Every structure is written in C-alpha cells, then in structure tokens.
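Remarks on the structure that follows.
Just so it is clear, the values below take in all heavy atoms, side chains as well, and ignore hydrogens, waters and symmetry mates. Keep in mind the model is a prediction, meaning the values are calculated, not measured. Residue numbers start at 1 and run along the sequence shown.
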Amino acid sequence: MQKILPRQTHRSESSYAAVRVGGSKENQRKVFLRGPNKTREDSPRGYWEACPELHSDLSMKSSLETCEVTPLLSDVTQPTHSLHTPLLTSSNYDMPYNMGWSSLSKETAINIEKALGGRKLLEVVPMVRETLKRASSVPLRIAVTGDSGNGMSSFINALRGIGHDEEDSAPTGVVRTTQIPTCYSYPHFPNVELWDLPGTGAGTQSLENYLEEMKFSRYDLFIIIASEQFSMNLVKLAKAIQVLGKRFYIVWTKLDRDLSTSTLLKERLLQNIRENIQENLQKERVFEPIIFLVSSFEPLLHDFPELRNTLNRDISDIRYCGPLKNLSHTYEKVISDKVTMFRGKIASKSFDTLGIWNADDFGECLIAYHLLFGVDDESLQQIAQSMGKPMEEYRAIMKSRDPHTIIRGDWAVSCMNCNTSSCLYTILRYIPLLGDFIINFLRKWKHRRLLEIVAEDTRTILKKILKDSII
C-alpha cells in the first residue's frame, strides 16, 4: 500500500516572534488575545448551528486579533520533500476507530458470575487480568494540535524523549501544511499514538471544516499547543473539544524564549500567562483545563515532568475506565443478588442453609458469611499469592476481618453485643410472645447488618483486585 507523504510549505518553524514585556507601557505587548463571550452548547452540531459566525469563511490564521510582534528570523527555503514518512496511509486513516475495548464478552461475564456465585474469587483474578490485557492492546490516540508555528513537532520530540536529528523524530525547522495527520509512537506506553495534526493556520478552511477533516471524534485526548499568544482559534478548539466530552491540556511552549525576553520576575510572568489563558477560556465558558508551561528544549524543567506524569495517569484512566466499569458492574450484580437471597433466608430463619447452627454466636456467624462470599482467610491467602501481594494487604482493608474490628467500627453492632444487651435478652426470654418477637427481630436485624458489612468488604476486595491487575 502506497504511503502518502504530507505536503508542506517553506516557512521556518523558528520564525516566531519574541514577546515584548519590558519597556514603556505603550510598547509592552499583551501575551494573549481576548475573545468575545459565547454560549456553551450540548453537541458538536448544535454548537456550530448556535454559532453562525463560525460558518463564515473563518480563516484559521492567528490574525483574528492582532498583536505587535517582532520577527526573529526571516523565512528560509526548505526542501520540498518531507523528512518524515507518516505511519498511516489515506485508507487506514479513514477506517473507523475503536475508542476503547470496554465491553465484556458474554462468556467472560458469565464465567465471572459463576466464579463469584460459587465463592471462588481466585478464579476471577485471571479473567480480570485477561480483560485488562486486551484493553491495553487497543490503540489510544493523542492529538497534538494548535496554531501553525507554535512548535508542535519540537514538543512531540521532547515528549518522546528523542533528539530532533534522530531518524524517528518529528521534522522541525519547517512549518508543514499537511493534508493528513502524522503518527508517532509514544515510547513510555505501548499502543499509544501521538498524532501531529496540521496547524490551524495551515489552510484557509473554516474551523468547522478543520474539525471535520481532522476527525476529532477519533481521538481520546488532546494537547493544545500555544506560544506567544492564546489566539481565538485555540479558544474555539478548546470549546469544540469540550463539547465532544474529551480530555485536553493547554501546553504553553517556548517558555525559555519568554523568560529570556521578559523583564518581569519569573513568578509574575508565569502567573500572567496562566491568568490570560484562563480569562480567554472563561469568556467562552470553557471549563478550566490543566495548563502546563514548558520549554521543548528543556524537557526536564518547568512543568514538563508534571505533564508527563499527568499524561501517564490519564492514559491509564482512559484506557481502563470502560473495562473496569463493566467488571465492577458484573461483580456488583452478583453481590447484590447474593445479598437479596441471603436476606430472604434470614427473614425465614433458615440459618442452617447459610451454614450457621447457632444464630446468636457472633464469631460463628462471621465465619459463615465470609465463606458465603469467598473472603475467608484461606481464600484471601490464595488471592494474595496469585496477585503477588501479602495477605495482610487484603485483610487490612476489611471492616469484618474479625469480631472485635466490627464491634469497634460499627456502633449498632457494638450495642447489640454489649453486656447490657445480653441482660436484655435474658429478661426478654421470660416474657411470653412479646419477648420472643423482640429477640427474633433483633437477631434478624443483627444478621442483616453483618451481611451488609461482609458484602461491602467483598466489593472492597474485588476493587483492589481490579486496581492491582492494571498493567
């Protein structure tokens, strides 16, 4: 299959302007643009229909509002062929994208229900691991977008931890007007793709057309690159991404240039940049995103380490959110059904069917309920070994690990097991009819409460199994 090389123009990526902050107030340059107030819509189509000004031939250039800037380098001519061959072709880019493998197979769901119903939590572990392993193999797409000339390629190289002259690096030094996005691998996570989208100033299409042509709905997370000014194009991009319900960051690059040209203190300059971005977004009613101030030439300084950590966490959250939600729904249904069934047996006083021979022996009842849910000590030991964790990690998060823990942690159960209540039971036994009725009522209430505590502990154990199984 023939690969399609991106087209390009011959403008220098380095030909951006310095930010003027010093000098007289008349000559000081505002770092950002401020846009008019808009309203927030509920859907992408509704957003465009409610904003007719976007249907006009809105140029994707940053000249929506102007700033006084000083060019540092004049345009230079570059070779007409791309220095990088995209990893995609026109055909596979048009293929529908799976936003994440989040549904459980019917067989897996049935097997999990059988294991939990049969008190075999150990059998759930390999099924959870297989489910999350399959989820980790689904590609996750991160789109890097912004105005042309903001240094998106340099940022991608810095994020990937590679130099500009390495073979697999994103080409820098030119601003490319690509017709198709370019894909790069993300070495810190398998099956994560970084997509370098054409800059919003790369053509004359409207913002609506840009979003449709770039297929924004295909991406899981967006990084909006800005420098020198936060243009209305970027504000509108942020609002459109918010309408899609996707996560996004604002990354202000070329901070090294800002710091070297500003007469303000570093803390004041950083505060000004953040406040102006927030102000422009608030005018468009865009919820405040995470903002990172970085330099692509200093990937170990400023907010770059925090950016990497946040991105890694969000990749895991996005990738496993669907599968974990479905797994949680599956075990929650089984536990709720068991609680309902056991409540019926308690109501009919069929304690022997629950493995309980003395319904007033608190210790015996606790052991029986642990066995019914598969969270007894032997089962926990097997689960801990399978997960490579000490057993105490699982017992420590249980409120019902022993009778004393329950009595100390639950005031109602504590009252039912104190010396006063024992005396009350003795007195009630001498009262015909009414005494037996009250004793049976209190006994059933205590069993229902104990059942709820053990069921909640089972949910907690399963939640920890899910968390510890994340790859």
Side-chain angles (χ1 to χ4, degrees), residues 16-21 28-40 47 60-69 142-152 154-155 158-159 197 199-201 207 210-211 216 221-244 246-262 264-296 298 301-311 314:
Y16 54 82
V19 181
R20 291 186 180 178
V21 190
Q28 287 182 357
R29 175 181 178 271
K30 292 185 178 180
V31 181
F32 298 89
L33 298 175
R34 295 173 174 80
N37 289 324
K38 306 289 180 192
T39 58
R40 182 172 181 264
Y47 169 68
M60 301 307 297
K61 300 176 183 179
S62 59
S63 58
L64 286 170
E65 294 186 17
T66 59
C67 287
E68 183 181 339
V69 296
I142 301 173
V144 180
T145 184
D147 289 335
S148 297
N150 281 348
M152 289 179 285
S154 296
F155 169 77
L159 183 62
L197 303 188
T200 57
L207 183 59
Y210 176 81
L211 295 178
F216 265 37
L221 188 147
F222 293 83
I223 299 177
I224 299 177
I225 303 297
S227 66
E228 305 174 32
Q229 62 179 9
F230 197 73
S231 70
M232 274 302 300
N233 281 341
L234 302 184
V235 175
K236 294 176 186 294
L237 274 179
K239 184 169 186 178
I241 295 170
Q242 177 179 286
V243 169
L244 291 173
K246 304 295 182 71
R247 302 189 193 193
F248 68 96
Y249 310 147
I250 303 295
V251 177
W252 181 273
T253 60
K254 303 179 184 178
L255 185 60
D256 55 322
R257 179 64 58 86
D258 300 333
L259 293 172
S260 65
T261 58
S262 173
L264 296 176
L265 293 175
K266 177 181 178 181
E267 292 74 14
R268 181 59 182 171
L269 175 64
L270 300 182
Q271 181 181 352
N272 286 349
I273 294 174
R274 291 183 185 276
E275 288 178 351
N276 277 274
I277 293 176
Q278 293 166 357
E279 180 181 346
N280 280 281
L281 293 174
Q282 288 171 0
K283 287 181 178 180
E284 288 286 335
R285 299 187 180 181
V286 177
F287 301 134
E288 183 177 335
I290 304 177
I291 300 173
F292 300 100
L293 310 182
V294 306
S295 167
S296 296
E298 299 171 327
L301 301 179
H302 312 301
D303 290 341
F304 228 123
E306 182 184 355
L307 167 61
R308 283 199 184 89
N309 292 335
T310 303
L311 181 60
D314 282 348

Side-chain touch Phe292/Glu306, heavy atoms, less than 4.5 angstrom: yes
Min side-chain heavy-atom separation Lys266-Leu270 under 4.5 Å: yes
Any donor-acceptor pair under 3.5 Å from Ser260 side chain to Arg257 backbone: yes
From CD1 (Ile291) to CD1 (Ile277), nearest 0.5 Å: 4.5 Å
Shortest non-hydrogen contact between Ser227 and Trp252, atoms and distance: C-CH2, 3.7 Å
Distance, nearest 0.5 Å, that separates NZ of Lys236 from CG of Asn233: 8.0 Å
Closest contact, heavy atoms only, Thr145 versus Met152: C-SD, 3.4 Å
Steps toward side-chain contact (heavy atoms from CB on, under 4.5 Å) verdict (Ile241, Lys246): CA-CA 6 Å; Ile241 295 170; Lys246 304 295 182 71; 3.9 Å; yes
Side chains of Leu234 and Ile225 in contact at under 4.5 Å (non-hydrogen atoms): no
Identified side-chain contact (heavy atoms from CB on, under 4.5 Å) partner of Asp303 from the options Thr310, Leu293, Leu255: Leu293
Exercise: identify the closest heavy-atom pair between Ala158 and Ser296: CB-O, 3.4 Å
Ile223 and Phe155, any side-chain heavy atoms less than 4.5 Å apart: yes
Pairwise side-chain contact, Leu281 with Pro289, heavy-atom cut-off 4.5 Å (strictly under): yes
Phe287 backbone acceptor or donor facing Gln242 side chain under 3.5 Å: yes
Separation of Leu259 CG from Glu298 CD (nearest 0.5 Å): 8.0 Å
Euclidean distance, Ile273 CD1 relative to Gln229 CD, rounded to 0.5 Å: 13.0 Å
Any side-chain heavy-atom pair of Val235 and Phe230 under 4.5 Å: yes
CA sep, side-chain torsions, deciding dist, call: Tyr249, Asp314, side chain to side chain donor-acceptor pair (under 3.5 Å): CA-CA 11 Å; Tyr249 310 147; Asp314 282 348; 2.5 Å; yes
Side chain to side chain, Ile142 and Leu311, heavy atoms closer than 4.5 Å: yes
Partners meeting side-chain contact (heavy atoms from CB on, under 4.5 Å) with Gln271 (sequence neighbours left out): Arg268, Glu275
Residue pair Arg274 / Glu288, side-chain heavy-atom distance below 4.5 Å: no
